[in-house]
Amino acid sequence: MVVRELTGGIYFGKPRGFDQDENGDEIGFNTEVYAGYEIDRIAHVAFETARKRRGKLCSVDKANVLEASMLWRKRVTKIASDYPDVELSHMYVDNAAMQLIRDPKQFDTIVTNNIFGDILSDEASMITGSIGMLPSASLGELGPGLFEPIHGSAPDIAGQDKANPLATVLSAAMLLRYGLGEEDAAKMIENAVLETLNKGFRTGDIFSSGKLVGCEEMGEQVLRSIDSQKPAAVGR
Ligand SMILES: NC(=O)c1ccc[n+]([C@@H]2O[C@H](COP(=O)([O-])OP(=O)(O)OC[C@H]3O[C@@H](n4cnc5c(N)ncnc54)[C@H](O)[C@@H]3O)[C@@H](O)[C@H]2O)c1
């Protein structure tokens with residue numbers, strides 16, 4: 001799980017713009033800036049998230065060179081004392097990018113700033129095979145959240161029945177868990193996706209062997225798996 005700060009950092013920091021340097025050459029510039037409250041806010045979300053998972057949180061920064069990252073690390077470390085049940089570690093972003101590929105299982109929950117999270121979440125998606133596999137949640141303090149796949153509208157395959165629907169389906173599971181507190185229903189969707197994959201169904205983006213299907217058929221198979229779980233759920 002990558003918890004990415006979404007409303008601050010270099011994508012929004014000021015000053016930003018175009019200018020000229022002392023030699024008259026054109027320059028483009030941006031500002032990486034974080035206020036303490038922005039770091040605290042996302043840190044609390046991350047610790048709470050890690051608590052619901054395997055209780056391991058890795059904070060990713062570039063505190064060896066960036067002041068905004070030094071503050072990030074200081075604030076996250078301070079907040080860790082509120083969550084003694086969560087094991088906190090820190091990693092520089094360049095190392096994290098490498099470790100994600102070398103040994104992804106060492107991570108449970110990652111928390112990081114806007115730009116590092118932008119890049120690492122796309123990298124993490126490829127561990128699952130495709131960006132067509134990964135859901136996301138944008139959570140405000142008071143809600144409502146926004147739940148969507150991490151990918152965009154995939155214009156290059158539009159209308160060809162090739163898109164992998166699983167990231168979108170799994171976004172509905174996130175909505176149920178993090179938006180509505182419906183853990184059982186979320187699990188039901190996730191189990192159906194897993195079962196569909198275990199049966200060998202694959203859209204083109206994740207196909208190497210198994211049964212190659214289109215977007216529509218993949219959706220049908222997930223529905224079938226959900227239907228097959230219903231009696232057990234009703235029986236409880
Ligand atoms: N979260 C978001 O809202 C979000 C994220 C990325 C891009 N976008 C927007 O989407 C549009 C297209 O952007 P892009 O092409 O850079 O990124 P994209 O994620 O739409 O596509 C990137 C590549 O991944 C493939 N891909 C994406 N989703 C897939 C899926 N479900 N199954 C199989 N393959 C899939 C596409 O075919 C394409 O080759 C742009 O307007 C962009 O701004 C939105």
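Both ligands and their constituent atoms are indexed starting at 1 by order of listing.
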Identify the protein atoms, limited to N or O, that lie within less than 3.5 Å of an N or O atom of ligand 1, and list each pair with its distance to 0.1 Å.
residue	atom	partner	partner atom	Å
ligand 1	10 (O)	S153	N	3.1
ligand 1	19 (O)	G152	N	2.7
ligand 1	20 (O)	G152	N	3.4
ligand 1	20 (O)	S153	N	3.2
ligand 1	20 (O)	A154	N	2.8
ligand 1	28 (N)	H151	ND1	3.3
ligand 1	31 (N)	H151	NE2	3.2
ligand 1	31 (N)	N164	O	3.0
ligand 1	32 (N)	N164	N	2.9
ligand 1	37 (O)	D156	OD1	2.7
ligand 1	37 (O)	D156	OD2	3.1
ligand 1	39 (O)	D156	OD2	2.8

Give a yes-or-no answer on whether the side chains of S125 and H151 include a donor-acceptor pair shorter than 3.5 Å.
no
For K199, look at atom NZ and say whether over 12 heavy atoms of other residues, nucleotides or ligands are found less than 6.0 Å away.
yes
What I want to find out is whether D94 reaches K62 closely enough, with some N-O distance under 4.0 Å, to be called a salt bridge.
yes
Mind telling me whether Y83 and F47 have parallel, tilted or perpendicular rings, with 30° and 60° as the class edges?
parallel
CD1/I39 to OH/Y34 distance, rounded to the nearest 0.5 angstrom?
8.0 Å
Can you confirm whether the side chains of S69 and E67 place a donor and an acceptor under 3.5 Å from each other?
no
